[in-house]
Every structure is written in structure tokens, then in C-alpha cells.
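Residue numbers count from 1 along this sequence. A quick note: this is a predicted structure, and the numbers were derived from the prediction, not measured.
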Amino acid sequence: MRYGSLLAGALLLVLAGVAGWQGWRWYENRQAGQAAAQFLTVAQQAAAEGADMRAAAERFNAIAAEAPPGYRTLARLRAAALLAETGQRDEALAAYNALAGDGGVDSLYRDLATVLWGLHAVDVADAGEITARLTPLAGDAAPWRASAREVLALVALRAGRNAEARGHLQALLADAATPPGIRERANRLMQGMGS
């Protein structure tokens, strides 16, 4: 009898734990579903002709403030992109920098934010800083290497370091994984350099 009540108590604890876990999963799925719906709605509004991109960026930031981590990151990236598209370069650079430095964001997206920061900073940031931040992302196994190499080539060209730019462009052309659009731009840059 004594062990029966202990066993019943343990069983109740297990059942309560399972019920709590299932309840938490339901809540997380519900939150993710709501964030997905909001994200898609704002994305469709932003894609509409004559859309107010600044307002869309603000709506993406509002989603990021309340969404679960995955949608929070996507909303932050999209908001930064819209800021850049509307000429708010300083705000976009700050948004990309914040994402790149956020330890709560998956490293894949932090690296993407760094590459996008570099792309938008080519004309305004110190070439040495851009090069230092993007060089680790241009390695042969890095997922964003093609984009990082393209930005590094642009930075080198801007700084008058043509041999360095040519090296980045040749690496892009030699890499079978380089996306077609980046490959085409690399070819045009090489031709423009007389290669």
C-alpha cells in the first residue's frame, strides 16, 4: 500500500510533466503560427506597388519585438533591408551590426548580417574594417563565401588595390558553388579591369 501511493504520486508527476510539455509546445506552435502570418502579411504589403517601405520596416521591427527567435531574426533582416532600400543607410548599417553582434541569433544569420553590413558599408566605412570583418566569412567552407568575396573585391577596388580585387574575383569564378548572379558580376568586373 505504501509503495502504491508513491507509485501513484510518481505517475501523477510524470503525467503533469507531459501535460505541461505538450501545453508549452502548443503555445510555441501557436506563437510561431501567428508570427508567420504577420510576417507574410507585412511581406505582401511591402511587395505591393507603391508600398510605404519605411512603414513596412517599422512593422517588421514590431514583429521582431514579439516573435519567436526564428521569425524575430527574419523580421530584423527584412527591416534592415527595407531601411537600406529607402536610403536610410545609417539605420540599416546599425540594424545589420546589431544582428551581427547578437549572440542569441544563429551564427549563420549573424554572418549574413555581417556580409550585408559590408555590402552597404562599402562606400562609407573604413576599407580595413570591412576587410577584417568579412575575410573570415570568405573561406572555402564558409556558407556566405561568394557574397563575402564579392564585397571584398568591391572594397579592394574602391581602395585601389586592383591585384587584391582580382584575386577575390578569380576565387569567385573558380568556385563551382558561386551563384550565377555573383559569377556574372565577377566576370563583368574582371572585364572592366582589363582581364
Side-chain angles (χ1 to χ4, degrees), residues 28 31-32 35-36 38-40 42-43 45-47 51 53-159 161 164-165 167-169 171-172 175 177-183 185-186 189:
E28 284 183 324
Q31 294 297 99
Q38 291 173 340
F39 185 91
L40 289 174
V42 175
Q45 291 169 349
M53 298 298 189
R54 290 178 186 223
E58 290 172 15
R59 287 194 293 276
F60 276 121
N61 280 326
I63 291 170
E66 298 181 6
Y71 282 103
R72 179 179 313 133
T73 300
L74 292 176
R76 290 172 70 188
L77 281 167
R78 192 67 184 111
L82 289 173
L83 289 170
E85 286 178 36
T86 57
Q88 299 174 80
R89 183 175 48 202
D90 292 342
E91 293 86 349
L93 292 175
Y96 285 130
N97 250 336
L99 259 168
D102 187 341
V105 172
D106 185 275
S107 63
L108 181 71
Y109 298 108
R110 287 195 317 263
D111 291 349
L112 175 60
T114 300
V115 170
L116 292 170
W117 169 85
L119 177 64
H120 293 286
V122 166
D123 293 326
V124 294
D126 176 67
E129 180 185 0
I130 299 172
T131 301
R133 289 181 64 177
L134 267 66
T135 297
L137 306 180
D140 289 338
W144 306 111
R145 68 183 175 270
S147 296
R149 288 172 178 166
E150 182 178 28
V151 174
L152 288 169
L154 293 173
V155 169
L157 280 172
R158 189 191 99 199
R161 300 188 310 256
E164 181 183 330
H168 291 303
L169 295 170
L172 281 170
D175 187 347
T178 298
I182 295 177
R183 182 178 302 281
R185 289 191 298 272
L189 285 170

Practice task
Could you please spell out the steps behind the side-chain contact (heavy atoms from CB on, under 4.5 Å) verdict for R89 and V124?
Solution key: CA-CA 9 Å; R89 183 175 48 202; V124 294; 3.1 Å; yes

Side-chain donor/acceptor of [X] to backbone N/O of [Y], under 3.5 Å:
X: R149; Y: L172; result: no
X: T178; Y: D175; result: yes
X: R59; Y: V42; result: no

Between [atom1] of [X] and [atom2] of [Y], what distance do you get to the nearest 0.5 Å?
X: L134; Y: E129; atom1: CG; atom2: CD; result: 10.5 Å
X: Y109; Y: L99; atom1: OH; atom2: CG; result: 11.5 Å
X: L154; Y: L189; atom1: CG; atom2: CG; result: 6.0 Å
X: L83; Y: E58; atom1: CG; atom2: CD; result: 8.5 Å

Heavy-atom pair of closest approach, residues [X] and [Y]:
X: R110; Y: G103; value: NH1-O, 3.8 Å
X: T131; Y: L152; value: CA-CD2, 3.7 Å
X: A84; Y: H120; value: CB-CE1, 3.5 Å
X: A127; Y: A159; value: CB-CB, 4.4 Å
X: L137; Y: A148; value: O-CB, 3.6 Å
X: W144; Y: L108; value: NE1-O, 2.9 Å

Within the 4.5 Å heavy-atom criterion, are [X] and [Y] side-chain neighbours or not?
X: L116; Y: L77; value: yes
X: S147; Y: I182; value: yes
X: F60; Y: L82; value: yes

Handout entry: Side-chain ion pair, D102 and R76, N-O less than 4.0 Å
Key =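 A salt bridge links D102 with R76.
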
Handout entry: E150 and R145 ion-paired at < 4.0 Å
Key =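 No, no charged N to carboxylate O under 4.0 Å.
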
Exercise for the section: Assess whether atom CD of E66 is packed by more than 12 heavy atoms of other residues, nucleotides or ligands within 6.0 Å. Expected result: no

Practice task
Would you check if there is a donor-acceptor pair between the side chains of N97 and R133 at a distance under 3.5 Å?
Solution key: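 The answer is yes; a qualifying pair exists.
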
Practice task
Given side-chain contact (heavy atoms from CB on, under 4.5 Å), test V151 with I130 step by step and report yes or no.
Solution key: CA-CA 9 Å; V151 174; I130 299 172; 4.2 Å; yes

